[in-house]
Visitor: 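One structure, as structure tokens, below. Some questions next.
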Amino acid sequence: MSAPLPPAQQIRLRENQLFLVVTIVVGVLAGLSAVLFSVAIEQTSHRFFGIAPSPARLLLVPPLVSIATGILLATVFPDVRGSGVPQTEAAYHLAGGVIPSRVPFGKFVTGVLCIGSGHSMGREGPSVQIGAGLASTIGRWLRLPPRRVRDLVPVGAAGALAAAFNTPVAAVLFALEEIIGDMNASLIGSTVVASVAAVIVERSILGNEPLFHVPTYHLVHPAELLAYAVLGVLGGVVSLIFCKGLLALRAAFQKLPKRTKVFQPAFGGVIIGLTLVYVPAVMGVGYEYVDQALNGGLVLQTMALLAVVKLGATIVSYSSGNAGGIFAPSLYIGAMAGGVVGTVVHRVAPFPTGDPGAYALVGMGTLFAGIIRAPMTSVFMIFEITQDYQILVPLMVANLLSFVISKRFQPTPVYHALLHQDHIHLPSPGAQAPAGKTARHVMHADVRFIPPEISVGAAWEIARAHDAPAYLVGTQARLAGTITRNRLAEAAEHGDPAAPVTSLLERVAAHAHPDHPLDVVFERFAESGGVLPIVSRTEATRVEGVVTLDAIMRFVDRRATGTTAGSVAGRPAS
Amino acid sequence: MVSWPTVPRFLHRELIQIAVLALVAVAAFFVTRAVAANNRGMTLRDAAEWYRRGQQQLAQGRVDEAIASFRRATVKNRGYRVYTLALARALMRKGDAAAATAALLALRETDPEDAEVNLELARLAVARHDRADALRYYHNALYAPWAPEAAEARRRVRVELVKFLLAQNETSRAVSELIALSSDLPDETAAHVEVGRLLLQASDARHAADQFARALRIDPHDADALAGAGEAAFRLGDYQAARSFLRTVPAGRAEIDELREIASLVLSRDPLGNRVAGGERRRRLEADLAHARERLRDCLAPSAPQEAAALQQESEDFAAQLETPAGRDAETIDAGVDLIDRIERAVAIRCSPAPMDRALLIIARRHGSDER
């Protein structure tokens with residue numbers, strides 16, 4: 001007879017058991033929410049457009065509905081614009097898994113309206129945010145420990161994605177690869193449970209149908225791998241165009257005055273309305289046309305047109321601040337681009353080739369790998385969507401090339417880049433060193449700033465009083481930039497001392513976050529010109545401290561003498 | 001006695017909350033299922049509407065638009081064979097055999113024994129001259145499970161297969177299929193006549209005669225059955241019966257009129273016919289020889305003068321022999337029939353044979369001129 005467990009272990013065991021039950025419930029609810037979201041989009045689209053909409057409807061519905069969603073997004077649900085995946089990642093990494101309860105509801109409503117009114121966006125990203133939001137809300141309602149609330153976020157995301165795509169394995173991989181950022185995460189068991197629960201629910205309601213019906217494709221000739229490699233390169237290039245275009249247009253929208261924010265979705269709606277009049281096939285999620293491309297139902301010119309127009313329409317819909325994802329558009333554009341390559345290869349290749357549908361299938365994964373940058377997820381997703389093993393090798397070849405090209409020319413993944421535009425910086429897996437010393441241990445928290453509104457001469461007076469190689473300009477809440485002592489001296493003595501100090505500002509290229517390990521801090525300090533701002537991850541313009549050479553020397557001193565960090569806190573940095 | 005550890009209060013509360021969540025999940029499940037069912041109904045109605053539009057467009061000759069409509073119908077109601085079949089047929093009509101085949105093969109994956117799908121695949125195989133695939137799909141279609149009320153449709157498939165086999169000159173396989181088909185025919189004149197005709201095409205006059213006889217038992221006055229019976233009897237060498245059947249067929253069908261004339265000539269001009277008196281035999285032989293010599297002069301002499309001259313000389317010698325007392329001998333009559341046969345064969349090579357020529361050839365064959 002084994003001895004009873006110590007009380008602490010029994011409590012932990014019971015907590016684990018309860019967490020397992022919560023995981024199952026979260027999986028079920030996330031799956032149901034994804035199914036309901038998908039169905040609601042279809043119903044809404046049908047209500048708005050009917051079976052064969054007139055040009056007037058196509059023109060007017062997107063902007064008119066976007067006026068309503070613009071108001072909702074600007075006033076009631078400001079945190080549900082766009083995909084939802086980056087916000088979910090930010091909530092997991094930076095907010096302890098706390099997603100406000102209004103988020104899943106708001107995402108559902110605005111997502112249904114935006115996608116249902118014809119915006120060229122996907123439903124999977126929003127489903128992820130809805131599932132994660134539900135999970136977080138449930139965790140907090142149950143008053144689970146904070147780490148458990150945080151753990152539920154990827155669990156809910158996996159459940160929702162599994163149900164949205166009917167792809168349980170890919171959903172687990174996505175949660176690990178994208179949301180958590182660690183394929184070896186300890187949450188793999190929970191995400192699997194939630195994913196399975198969600199898929200069981202989804203299949204019991206919608207049936208066990210793959211998302212797309214695809215004939216069995218296989219590699220007809222070994223030389224075809226070259227053609228798939230070409231597709232991989234093209235996929236990488238198209239992914240780059242998509243990411244760069246999306247980020248550039250979104251940045252342009254963000255530069256507009258704040259008061260225009262409420263109208264930006266409607267502006268996007270006007271563009272989409274005009275587009276739909278001429279190319280209605282890019283409306284909404286668009287899986288119907290993906291299915292046709294996969295089954296050889298579209299001709300070369302149509303696929304080329306749809307690939308280009310869908311790319312542009314998705315960039316406009318997303319950048320203008322509507323609620324919807326980029327999963328589905330990436331699959332759509334990939335299918336069309338793949339179909340184009342497949343048709344051309346089929347016509348000109350001197351060796352026997354597969355049907356264009358096979359290339360459309362691989363193209364889907366290629367764009368997914370290039371845009372979303374989750375290579376494992378992309379391979380398994382295509383496999384699960386189609387349930388076709390034969391296409392795996394070409395798929396991996398094309399995905400790898402697309403991923404490499406995309407990563408080479410757009411080092412920051414698109415979801416992270418979108419967060420950067422919102423001044424949120426997620427920790428990279430390598431940058432986290434919870435057990436070691438971090439920037440927090442070496443930085444000075446008491447930072448002196450040069451006010452941005454003063455002149456060069458006045459700034460120089462401050463600098464002369466505080467010797468440092470460089471200075472921060474701005475306020476603690478909003479860092480405007482940095483300026484070196486030499487440049488300031490040069491401007492004060494030989495330039496116009498009455499000029500505003502902001503005219504000398506240098507962009508804050510080098511910065512670090514409080515949780516960055518020391519090796520990263522030292523590396524970035526070397527690039528900084530003598531003063532390295534330590535900024536918040538959730539608001540990258542908010543300064544939490546500063547690292548200077550003096551601070552580093554004092555840190556080394558402390559380590560040598562064994563004194564604590566707090567003993568020198570409060571010294572002005574610059 | 002086991003003492004429970006002190007459990008944090010949140011764990012007790014959580015149990016109740018989880019029970020509430022479970023109830024919420026169950027309720028949400030049924031709500032979602034109801035909404036999804038409603039959505040499914042809407043999607044199916046949309047699919048039906050696209051199918052209807054596709055049919056209309058097809059009827060108006062707008063094949064490309066019809067294909068687009070059928071495609072939308074098939075996407076909205078995947079796996080529904082009616083829509084996929086309509087799509088495949090529209091694609092076939094457009095001439096896009098590859099796409100039609102792909103659509104049908106996808107459908108066949110879900111139900112390999114679908115008769116209509118196999119039949120369409122067989123037709124596509126016929127179009128691309130793929131004999132093996134055509135036979136495979138025709139047989140798959142034939143041996144698929146058919147509803148009792150679809151017996152006629154199944155017979156049509158077998159008829160189509162027979163026609164394909166006949167076009168491939170595979171007469172013995174065609175006859176096998178026809179015999180199988182004949183055991184499954186309804187009591188309808190047209191059905192027996194059709195099978196009889198196909199049997200005639202497959203050179204199985206005996207079974208064809210049976211089918212026509214069965215047709216005539218149902219409707220003794222059916223012109224097609226009478227014509228078929230006459231032709232079958234003709235091919236079987238029963239010229240008496242052939243003439244009898246063909247006489248009752250209304251005039252105006254050239255091939256029947258010709259057969260009837262030939263049958264009558266065979267019966268009336270045969271010097272070796274049964275129960276024909278000696279004088280009559282000689283008279284018939286003289287008349288037949290006169291016709292043959294006329295054809296020799298008009299047809300053979302201009303194109304093959306040497307051969308014509310030799311046969312002319314032989315016929316003159318034989319005519320002289322007929323004037324002698326030996327002219328009544330059975331051997332002389334046989335020799336005469338043989339000579340006429342050789343003349344007619346030479347003529348038939350160079351000129352299209354008239355009914356009389358064909359009758360004379362038949363008379364010779366009837367009495368074994370080849371053996372002689």
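Computed from a predicted structure; not experimentally measured. Proteins get letters first, then strands, A, B, ... in listed order; numbering begins at 1 in each. Just so you know, these numbers use all the heavy atoms, side chains as well, and skip hydrogens, waters and symmetry mates.
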Visitor: Under 4.5 Å from any heavy atom of chain B, what part of Val28(A) do you find: side chain, backbone, both or neither?
Guide: side chain
Visitor: Give me the atom names and distance for the closest heavy-atom approach of Leu32(A) to Ala25(B).
Guide: CD1-O, 3.5 Å
Visitor: What part of Thr43(B) gets closer than 4.5 Å to chain A, counting heavy atoms only: side chain, backbone, both or neither?
Guide: side chain
Visitor: So what's closer than 4.5 Å to chain A heavy atoms on Arg78(B): side chain, backbone, both or neither?
Guide: side chain
Visitor: Should we count CZ of Arg52(B) as having more than 12 external heavy atoms under 6.0 Å?
Guide: yes
Visitor: Is it the case that atom CZ in Arg140(A) sees more than 12 heavy atoms from other parts of the structure closer than 6.0 Å?
Guide: yes
Visitor: Compare every heavy atom of Leu29(A) with every heavy atom of Ala28(B), then report the nearest pair and how far apart it is.
Guide: CB-CD2, 4.4 Å
Visitor: With a 4.5 angstrom heavy-atom cut-off, which part of Ala36(B) approaches chain A: side chain, backbone, both or neither?
Guide: both
Visitor: For the interface with chain A, which of Arg72(B), Lys76(B), Arg45(B), Glu109(B) has the highest count of heavy-atom pairs at distances below 4.5 Å?
Guide: Arg72(B)
Visitor: Count the heavy-atom pairs under 4.5 Å between each of Leu206(A), Val22(A), Ile138(A), Val35(A) and chain B, then report the option with the highest count.
Guide: Ile138(A)
Visitor: Which atoms of Asp96(B) are under 4.5 Å from chain A, going by heavy atoms: the side chain, the backbone, both sets, or neither?
Guide: neither
Visitor: Is any side-chain heavy atom of Leu21(B) closer than 4.5 Å to one of Leu142(A)?
Guide: yes
Visitor: For residues Asn295(A) and Arg71(B), report the shortest heavy-atom separation together with the two atoms involved.
Guide: O-NH1, 4.3 Å
Visitor: Other residues, nucleotides and ligands only: do more than 12 of their heavy atoms fall within 6.0 Å of OH on Tyr80(B)?
Guide: no
Visitor: Between Gly357(A), Gly296(A), Gly297(A), who has the most heavy-atom pairs with chain B when the cutoff is under 4.5 Å?
Guide: Gly297(A)
Visitor: Side chain to side chain contact (heavy atoms under 4.5 Å, CB included), that's the test. Do Phe29(B) and Ile205(A) meet it? Break it down for me.
Guide: CA-CA 8 Å; Phe29(B) 175 81; Ile205(A) 292 173; 3.7 Å; yes
Visitor: Looking only at heavy atoms, which two atoms of Met42(B) and Gln43(A) are closest? And how far apart?
Guide: SD-OE1, 3.7 Å
Visitor: Can you tell me which portion of Tyr289(A) sits under 4.5 Å from chain B's heavy atoms? Options are side chain, backbone, both or neither.
Guide: side chain
Visitor: Let's test your reading of the structure: which of Val201(A), Leu36(A), Ile51(A) forms the most heavy-atom pairs below 4.5 Å with chain B?
Guide: Ile51(A)
Visitor: Give, as side chain, backbone, both or neither, the part of Val26(B) having an atom under 4.5 angstrom from any heavy atom of chain A.
Guide: neither
Visitor: Going from CD on Glu42(A) to CG on Asn38(B), what distance comes out if it is rounded to the nearest 0.5 angstrom?
Guide: 11.5 Å
